[in-house]
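First the structure, then my questions, so here it is.
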Amino acid sequence: MNPKEQSRIFADYYEHLAVPSNEEGKDEEYLENSKYRLELMNNIISHQIDTFNITLLSEEEIIKAVDKLNSGKTADEWSLTAEHFIYAAGRSISINIMSLFNNIMQTGEIPNVLKTEMLTPVHKTGTDSTLPQKKIRGISVTSALGKVFEYALLDKMIDLDNNQSELQFEFTQELSPIIAALLVSEGIVHAKQQNLNMFLATLDSQKAFDVVHHMILMDKLFYELPPDIWRVVQDLFSNMSSKIKWNSQISKQFSINQGVRQGGILSTHLYKLYINEQPEELDRRGFGLNIGLEYCESSLCADDIVIMSRDETEIHAMLNIAYKFSCQHRYNIYPKIGHLSTREDKHKQTTTSYKSGRKTNKRRPTDNPSWHHQSK
């Protein structure tokens with residue numbers, strides 16, 4: 001198959017992925033409520049935006065945003081790189097950039113050229129490159145100027161991460177996924193020391209970044225941002241488009257109606273907000289396990305989630321919450337459950353498969369306490 005045909009196939013795949021699914025089992029009432037609230041929000045904004053103080057950017061803030069660009073990255077669709085702004089034209093045209101960005105803030109409309117991307121399919125590490133599209137990840141190359149705008153805008157979103165779960169360790173300043181792994185290992189050690197059972201479930205979300213529903217995201221974001229900034233972000237997610245680049249071949253342009261771009265400046269912050277209610281719900285119910293005096297209901301690394309408990313019934317209650325949340329937010333999860341038995345009087349190991357909010361148990365004899373995993 002020639003590269004042109006391959007780029008067309010990838011474009012068809014990602015175009016289909018970029019359309020919100022009406023898959024059976026998703027919570028339509030939750031979506032309708034978000035749609036209703038969003039209509040009210042837009043109505044309020046349209047009638048009151050003139051009464052708010054519009055956020056404007058200074059030349060110093062533009063220069064600060066330019067300095068945050070990472071050099072050595074791929075050029076965008078117009079052959080512009082971070083270096084063009086950092087070393088060549090950035091400071092000499094900063095006033096012009098400031099004028100453009102402030103016009104965006106005042107009108108609430110972003111030029112479509114700043115909302116396009118060039119997407120390159122990359123095979124996931126450890127997978128066979130001949131496997132189907134589900135084994136690939138799309139990496140976006142967006143406008144270099146658009147990145148400057150997103151950096152400048154992000155600096156104005158001072159309250160965006162204030163309500164983030166304390167157990168979200170990915171894409172969080174001064175935290176690392178290693179800490180999430182430490183919590184799991186400490187939970188296991190504590191269970192062994194106290195001669196307790198421990199149940200652990202990992203939740204793998206399929207194409208999590210790609211299926212973020214824009215309407216639900218904007219509903220959540222409204223309460224975290226000033227109205228004028230929220231209006232601009234909402235426009236950023238309208239009329240988005242993409243092209244596939246594969247072996248120097250460029251596909252047709254297609255619309256993006258769901259998802260946050262992997263590699264986008266705002267994407268990780270918005271995705272963390274999108275899923276933040278799930279660990280909050282577990283916290284409210286008091287589900288999870290205590291390691292000494294520390295309470296740990298779950299550990300999150302972006303879209304990868306681990307939940308832990310001493311009780312089998314509780315771990316399934318936690319999985320039911322995760323399943324309900326995935327139905328509301330319109331993505332699929334694939335749980336894997338592990339059970340560590342350390343009690344001397346137990347000689348049977350339980351492995352559990354979990355499907356659509358229900359469980360089935362399988363028992364088999366075992367002589368040594370160990371982890372066993374059963375996937376959906």
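Just so you know, these numbers come straight off a predicted model, no measurement behind them.
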For residues 321-334, which residue pairs qualify under salt bridge (Lys or Arg N to Asp or Glu O under 4.0 Å), counting only residues two or more places apart or in two chains?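 Qualifying pairs: Glu28-Arg330.
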
Side-chain (Ser267) to main-chain (Arg261) donor-acceptor, under 3.5 angstrom: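 Such a contact is found between Ser267 side chain and Arg261 backbone.
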
Can a salt bridge be assigned to the pair Arg285 and Glu281 using a cut-off of 4.0 Å between side-chain N and carboxylate O?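 Looking at Glu281 together with Arg285, the answer is yes, because their closest N to O distance falls below 4.0 Å.
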
Just checking, any donor-acceptor pair under 3.5 angstrom between side chains of Asn163 and Lys272?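 Side-chain D/A pair, Asn163 to Lys272: absent.
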
Checking Glu83 against Lys73 for the salt bridge (Lys or Arg N to Asp or Glu O under 4.0 Å) test, could you report, in this order, the C-alpha distance in whole Å, the side-chain angles of both residues, the deciding distance, and whether it holds? CA-CA 9 Å; Glu83 286 80 357; Lys73 298 297 183 179; over 6 Å; no

Only counting residues at least two apart or in another chain, list the ones meeting side chain to side chain contact (heavy atoms under 4.5 Å, CB included) with Ala18.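 Counting only residues at least two positions away or on another chain, Ala18 forms a side chain to side chain contact (heavy atoms under 4.5 Å, CB included) with Ile256.
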
Any side-chain heavy-atom pair of His329 and His213 under 4.5 Å: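 When only atoms from C-beta onward are counted, His213 and His329 do not touch, as no gap falls below 4.5 Å.
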
Is the backbone of Arg310 close enough, under 3.5 Å, to the side chain of Asn197 for a donor and an acceptor to pair up by distance?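 Side chain of Asn197 to backbone of Arg310, a donor-acceptor pair under 3.5 Å: no, none is there.
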
For Ser7 versus Ser251, what's the shortest heavy-atom pair and its separation?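 In this case the closest contact between Ser7 and Ser251 is O-CB, 3.8 Å.
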
For Val19, what are the other residues in its hydrophobic cluster, where any two members join if their side-chain heavy atoms are less than 4.5 angstrom apart?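 So far as hydrophobic clustering goes, Val19 is joined with none.
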
Can you name the side-chain hydrogen bond (donor to acceptor under 3.5 Å, both in side chains) partners of Arg8, sequence neighbours left out?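 Partners of Arg8 under the side-chain hydrogen bond (donor to acceptor under 3.5 Å, both in side chains) test: Glu5, Asp12.
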
Whether Ser176 side chain and Ile178 backbone form a donor-acceptor pair below 3.5 Å: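 Side chain of Ser176 to backbone of Ile178: a pair is present.
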
Shortest non-hydrogen separation from Asp311 to Glu314 and the atoms involved: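 Shortest heavy-atom contact: OD2-N, 2.8 Å.
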
Quick check for you: to the nearest 0.5 Å, what is the distance between Ile62 atom CD1 and Glu59 atom CD?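 If I round to the nearest 0.5 Å, the distance is 8.5 Å.
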
Between the main-chain N or O of Asn103 and the side-chain N or O of Thr107, is there a donor-acceptor pair closer than 3.5 Å?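 It does hold such a pair.
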
Lys/Arg-Asp/Glu bridge criterion (N-O < 4.0 Å) met for Lys243, Glu77: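 Looking at Glu77 together with Lys243, the answer is yes, because their closest N to O distance falls below 4.0 Å.
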
Side-chain donor-acceptor contacts of residues 229-237 below 3.5 Å, not counting sequence neighbours, with atom names and distances?
residue : atom : partner : partner atom : Å
Trp230  : NE1  : Met218  : O            : 3.0
Arg231  : NH2  : Met105  : O            : 3.2
Arg231  : NH2  : Gln106  : O            : 3.2
Gln234  : OE1  : Asn42   : ND2          : 3.2
Gln234  : NE2  : Asn42   : OD1          : 2.8
Asp235  : OD2  : Ile110  : N            : 2.7
Asp235  : OD2  : Lys115  : NZ           : 3.4

Mark yes or no for whether Asn247, through its side chain, and Gln249, through its backbone, hold a donor-acceptor pair below 3.5 Å.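 Side chain of Asn247 to backbone of Gln249, a donor-acceptor pair under 3.5 Å: no, none is there.
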
Atom CD of residue position Glu166 - does it have more than 12 heavy atoms of other residues, nucleotides or ligands inside 6.0 Å?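 12 or below, so no.
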
Student check: side-chain heavy atoms of Val184 and Leu200 closer than 4.5 Å: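 Side-chain contact under 4.5 Å: yes.
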
Test: side-chain hydrogen bond (donor to acceptor under 3.5 Å, both in side chains). Region: residues 143-161. Which pairs qualify, not counting sequence neighbours?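 side-chain hydrogen bond (donor to acceptor under 3.5 Å, both in side chains) check on residues 143-161 returns Glu61-Lys156, Lys68-Asp155, Asp159-Asn162, Asp161-His269.
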
Can you confirm whether Gln278 sits close enough to Gln328 that some side-chain heavy atom of one is under 4.5 Å from a side-chain heavy atom of the other?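 Heavy-atom side-chain distance check fails, nothing below 4.5 Å.
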
